[in-house]
Amino acid sequence: MKPVALNDFIYWVGGIDWDLRNFHGYMTQRGSTYNAYLIMDEKITLIDTVKYYLFDEMIERISKVVDPAQIDIIISNHVEMDHSGGLPRLLELCPNATLITSPNGAKGLEAHYKKNWNYKVMKTGDSIPLGKTTLQFILEQMVHWPDNMGCYMPETKILFSNDAFGQHLATSERFDTEYPLDIIMYEAKKYYANIVLPYDKQTQKLLDALSTLDIAMIAPSHGIIWKDHVKEIVTHYNNWAANKTTNKALIIYDTMWNSTRLIAHAIKNAFEAKNIPVQLYDLKTIHISDIMTEVLDAKYICIGSPTLNNNMLPTVAAFLTYCKGLAPKNRVGLAFGSYGWGGQSVAQVEAVLQEMGWQLLPSIKVQYVPDEQLLVTIAQQIIEKING
Ligand code: FEO
């Protein structure tokens, strides 16, 4: 349980959640970390805490640097309990510490913990001197809760960004120079797709504010600290927040007796014929949060379901509910599926795609089992409709 030095007076003292596999519905196959940062300036300062069950781990790390009772300032940048869960016990250890949070943070902490804590509230532009260094506060409203806040230390050029730029990734390494970059980037993309995506306008506003700062290091509240790849992750965030897509197609479906799968493969053939990279996902075998990672930069999204009891399959409904909530924009959608009688599923899928404001390709609906000739015709019709 060692602290990890960011420089000669700032330490990572967070917790590593090696076994976490489900973060309210987001599959976290690589676990996560809750990052807390200890600043050993004249005012000893702790930025954020950890989930309640990792409190002792955090205290052990802090204790290797300083007695936790000596902490002067605690900054709560986010109410969500993966970061504030350690606050009640910490404030018992250092009852005289000043608790700093955002205006919505004060309301949120009170609503969560029902304590009469003495808050000092910060907003964008406010700063506090710690001694030889300063922390400047930046409200990060709705990236991704109303209370999120970050802080920037101009003397070291470190941005403590809170959830923004995070990744759910449990590692003993702390910096982007120490761990495979493709995995870090994948997990940063998955984090954006599953957490930040609905808040593109607020993220763009935050990125505009950050563009005025000279940032040498981004220390988020989850995962790896960005040191050598700050520019790359900021560029990715700019692209993701702008809903920029690549010429890539996803075919996402479930099937009962293989007919919807046959249509899915005919659609795949059409994209292949147009030299557009295509991926097929059977919803029985892949989690919706993993699919969203691919949705983040895919232009074409085709969704298929047979009709079961006058409805789409529950797996498809679950994906569409999740996707609609995350609200990816500027996509081209296509609804498809098979049916025996009734055949409501395709129109139901298409209605959700319309609600998301996507441009639509003509839907495909096949009764019972498509024959080879029909599959060729379906592929040909799609080829004629795809631009690219
Ligand atoms: Fe990592 Fe929004 O909490």
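Atoms within each ligand, like the ligands themselves, are counted from 1 in listed order. Computed from a predicted structure; not experimentally measured.
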task = Can you label the angle between the Y300 ring and the F271 ring as parallel, tilted or perpendicular, going by 30° and 60°?
result =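 Y300 vs F271 ring planes: tilted.
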Ion pair check, K244 and D297, cut-off under 4.0 Å =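 Answer for the salt bridge query: no.
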message = So, taking the atom named CD1 in I291 and the one named NE2 in H287, what distance separates them when rounded to the nearest 0.5 Å?
response =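 With rounding to 0.5 Å, CD1 (I291) is 9.0 Å from NE2 (H287).
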request  = Can you list, by chain and residue number, the protein N, O or S atoms under 2.8 Å from atom 2 (Fe) of ligand 1?
outcome  =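 Those protein N, O or S atoms (cut-off: under 2.8 Å from atom 2 (Fe) of ligand 1) are H78 NE2, E80 OE1, H144 NE2, D163 OD2.
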ask   = Is the closest side-chain heavy-atom distance between E187 and H222 below 4.5 Å?
value =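 Not touching, per the 4.5 Å side-chain cut-off.
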message = Show the nearest heavy-atom pair for residues T33 and T171, with the distance to one decimal.
response =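 Taking T33 first and T171 second, the nearest heavy atoms are CG2-N, 4.3 Å.
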inquiry  = The test is salt bridge (Lys or Arg N to Asp or Glu O under 4.0 Å); show your working for K268 and E272 and say whether it passes.
reply    = CA-CA 6 Å; K268 177 201 65 120; E272 280 181 348; 3.7 Å; yes
